[in-house]
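Taking it in order: structure first as structure tokens, then the write-up.
Each chain gets a letter, A, B and so on, in the order the sequences are listed, and its residues count up from 1.
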2 protein chains.
Amino acid sequence: MKASIRDVAKLANVSISTVSRVLNAPELVVKEKREKVLAAIAQLNYSPNALARGLIHRRTQTLGVLSPNISNLFYSEVLAGMEGAAHEAGYNLMICNTDNNAQKKHAILKVLNEKQIDGLILTSEPVLPDDYEVLSKFTFPVVLAATHSPDYEIASVKVDDEKAAYDAAAYLISRGHRRIGMISGSIDDPISGGPRIRGFLRALNDHGIESDPKKCIEYGSPQFEHSYQAMKALHAKFPDMTAVFATSDERALAAISYLHEHRIRVPEEISVIGFDNTRMAGMCFPKLTTVAQPLFDIGYLSVVKLLRLIRGEPVHDLRTVVPHSIVERDSVISVKP
Amino acid sequence: MKASIRDVAKLANVSISTVSRVLNAPELVVKEKREKVLAAIAQLNYSPNALARGLIHRRTQTLGVLSPNISNLFYSEVLAGMEGAAHEAGYNLMICNTDNNAQKKHAILKVLNEKQIDGLILTSEPVLPDDYEVLSKFTFPVVLAATHSPDYEIASVKVDDEKAAYDAAAYLISRGHRRIGMISGSIDDPISGGPRIRGFLRALNDHGIESDPKKCIEYGSPQFEHSYQAMKALHAKFPDMTAVFATSDERALAAISYLHEHRIRVPEEISVIGFDNTRMAGMCFPKLTTVAQPLFDIGYLSVVKLLRLIRGEPVHDLRTVVPHSIVERDSVISVKP
DNA sequence: CTGCATATTGAAAAGCTTTTCAACCTTTGC
DNA sequence: GCAAAGGTTGAAAAGCTTTTCAATATGCAG
């Protein structure tokens, strides 16, 4: 049986108020009693019960985190950033996998709400009307990490996808490439779809490159196998391209895998630029040139922002835009225009 | 202000006991009142408070998980398995990063204990006497995932590292290799050090291959950069080896990276076998032949085991050994003996 | 019609802590 | 020597729910 504050009080021969004070405001208790209490605590191996504490303070020092897939390098780096910020601030994270399953997601939200989390972070997945209806009934604040909600006023932390894609394409163009393909998320994916496609096409256009989206873009889900097939299709319809913009590192790796297997050298024959700069990018061959997102920071800043909202502190920008950059490694080569 | 059970009771004009029953044993309440209560719940958007519930039941349906680094593919796949099993059983996971920092670890354990977790899972890190002293004072059960404690009686779920390393070496030998190097964890690492070194050497010995550990083994921490250096050192002292056994996929990738950069072809000139079979193994070039650990299952089974311990059900084996296997891809080639 | 069993409900205690308020004691200042 | 101030402590309420126990009402048998 676990010792409670009453047991400590009894053993130390004081009231439970005094024990509580020894724990929370020791200077209010005279040394003699304080030491007796401390001794009793040690003897009973007493540990305060955070449930009771949370009941009174209406705070649990716990945040909820929803992620479509925690075993994904992208998310796990973001999660690591969250965990870091949370730990520094004395919070814990309840991390849940949604598997992109709306039903599971709503079930989890219900439980997290019952468990009285102080705030919630949603990663990636867009916020649908269904979701918003649930979220808006919660009394705790919500932050979106690496995603945003164009339709609703929800705090978020992410890169500027349109600009990042523009920069990726512009980078390839600056290296002399003119025939550039793209492996993208589906057109209505608000992260690695729409915005990045627009940025990509805008860059081509700005640099006077005519392009037919039907020919140079292949759409698909992010999994390696699907992306491999996408690269196959892209190569079939656009065989003379000299560079590919893949909208995630996993897609880039899949593209490279396809090319390697068909004896097309990367980057000598086809350059590949990725997106995300997950740790994998520096570990594969050839090492990936990629658009870096500050994944750890996105997680870290989401928690910082969430804590401000929890404390009721002013948050200057509802939508935080974090900087991207291009990390040059070995998968892109310059060609003569 | 959040509605409480009293508010619902007042609005529905019944006692709080009745509201509680509607939620937990609806068949005990006559239909008329039940519907009034349900209507009040909906109107007030009432959600029960799990803290109060936990206080009474002395159960929180929450498990603690400590991991040295949640952004590591290895751990994140194990974590995904845990999350899956936990979700199915109606539990949540509080996941914490220890950064291999003993002080941080103990601080976290203190908080998790206060938060009344029902059980704890420790991944990887060995259990030191210091740790054991802390753990043994907890009233909830503990399971080790992908690690074990030779010195203490703690439940665990992991592969047989000695045997797995033996099999890896035997596999290389069966492909005709005789001059085999190894990139290992430090000798006193109870996971990717000692046992795997012993298994490796035993296999060489069993197959009549003389070997000098000083020459054929290079020790080091698991990070890519360190492993890269280890490969460099190994190649310098053992230039005519035809195969390398790397004790993690990350180490294998670092080795391959070194070899690529020095124009040594993999697997044509040197074969490389990895360990873990993280998702990366199938995404790099060449695709990695590796000793597969059932990472997801290790996580899943740890939670299943932990739940049995929590429920006081019998657990037949204190130390669960899960099967490993060799996944053949493209990084190992047969040579003429 | 009485008595007993059963169905339904509510009051109150328990679970553990923090916090407010009041009480008591000791100083200090005049 | 007494009033006021300050230091220390304990009792009790509050936070929200579940559960036990008792009470009331209903139905049925004899």
Side-chain angles (χ1 to χ4, degrees), chain A residues 1-38 40-41 44-62 110-118 139-140, chain B residues 1-38 40-41 44-62 110-118 139-140:
Chain A
M1 204 60 232
K2 251 180 176 168
S4 82
I5 199 171
R6 333 186 70 84
D7 303 317
V8 176
K10 202 168 291 174
L11 182 60
N13 207 21
V14 298
S15 74
I16 58 174
S17 327
T18 299
V19 178
S20 176
R21 272 187 284 259
V22 168
L23 257 25
N24 302 303
E27 69 282 2
L28 295 182
V29 178
V30 289
K31 199 174 165 204
E32 185 209 5
K33 297 210 180 188
R34 202 192 317 154
E35 282 168 357
K36 272 207 299 189
V37 169
L38 255 13
I41 287 177
L44 294 173
N45 189 27
Y46 168 72
S47 154
N49 186 323
L51 297 183
R53 211 174 245 177
L55 209 45
I56 292 176
H57 289 144
R58 294 197 188 75
R59 279 289 158 81
T60 53
Q61 306 288 110
T62 301
K110 179 161 170 274
V111 175
L112 291 181
N113 184 39
E114 292 183 0
K115 291 197 176 174
Q116 313 294 117
I117 53 171
D118 296 338
T139 55
F140 50 76
Chain B
M1 202 63 231
K2 250 180 176 168
S4 83
I5 199 171
R6 332 186 69 85
D7 303 317
V8 176
K10 202 168 290 174
L11 181 60
N13 207 22
V14 297
S15 74
I16 59 175
S17 328
T18 300
V19 178
S20 176
R21 273 187 283 259
V22 169
L23 257 26
N24 302 303
E27 69 281 2
L28 294 181
V29 178
V30 288
K31 197 173 166 204
E32 184 209 4
K33 296 209 180 187
R34 200 191 321 152
E35 282 168 357
K36 270 207 301 193
V37 169
L38 256 13
I41 287 176
L44 295 173
N45 189 28
Y46 167 73
S47 153
N49 185 323
L51 297 183
R53 211 174 245 176
L55 209 45
I56 292 176
H57 289 143
R58 294 196 188 74
R59 279 288 159 80
T60 53
Q61 306 288 109
T62 302
K110 181 162 169 272
V111 174
L112 291 182
N113 184 39
E114 292 183 0
K115 291 197 176 174
Q116 313 294 117
I117 53 171
D118 295 339
T139 54
F140 49 76

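Where DNA chain D meets chain A (any atom under 4.0 Å from a heavy atom), the bounding nucleotides read 5' to 3' are D/dT8 to D/dC16.
Looking only at distances, a side-chain donor or acceptor of A/K115 sits under 3.5 Å from a matching main-chain atom of B/Q61. Of the possible donor and acceptor atoms, one in the side chain of B/R34 sits under 3.5 Å from a partner among the backbone N and O of B/V29. A distance-only check finds no donor-acceptor pair linking the side chain of B/N113 to the backbone of B/K110 [under 3.5 Å].
Taking the side chain as every heavy atom from C-beta outward, A/S4 and A/N49 never approach each other to under 4.5 Å. Side-chain atoms of B/E114 and A/R53, non-hydrogen and from C-beta on, do get closer than 4.5 Å to each other.
Between A/S15 and A/A9, the shortest heavy-atom distance links the atoms C-CB, 3.8 Å.
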*Carefully, step by step, assess B/T60 and B/F140 under the rule side chain to side chain contact (heavy atoms under 4.5 Å, CB included).*
CA-CA 12 Å; B/T60 53; B/F140 49 76; over 6 Å; no

*Quick one: do A/Q116 and B/K2 satisfy side chain to side chain contact (heavy atoms under 4.5 Å, CB included)? Show the steps, please.*
CA-CA 11 Å; A/Q116 313 294 117; B/K2 250 180 176 168; 3.4 Å; yes

*asked:* Show, in sequence, the C-alpha distance, side-chain angles and deciding distance for B/Y46 and B/L11, and conclude whether the side chain to side chain contact (heavy atoms under 4.5 Å, CB included) test is met.
replied: CA-CA 12 Å; B/Y46 167 73; B/L11 181 60; over 6 Å; no

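When each of B/R53 and B/E27 is assigned the nucleotide of DNA chain C bearing its nearest heavy atom, the one mapping closer to the 5' terminus is B/E27.
Residue contacts for B/S17: at a heavy-atom cut-off of 4.0 Å it reaches a base atom on one of the strands shown.
Shown for residues 30-38 of chain A: no residue has heavy atoms falling under 4.0 angstrom of DNA chain C. Contacts with DNA chain D (heavy atom under 4.0 Å) in residues 18-26 of chain A: A/T18, A/R21, listed by number.
With values rounded to the nearest 0.5 angstrom, A/D7 atom CG is found 11.5 Å from A/I41 atom CD1.
Between B/L28 atom CG and C/dA7 atom C1' there is a gap of 9 Å when expressed in whole angstrom units.
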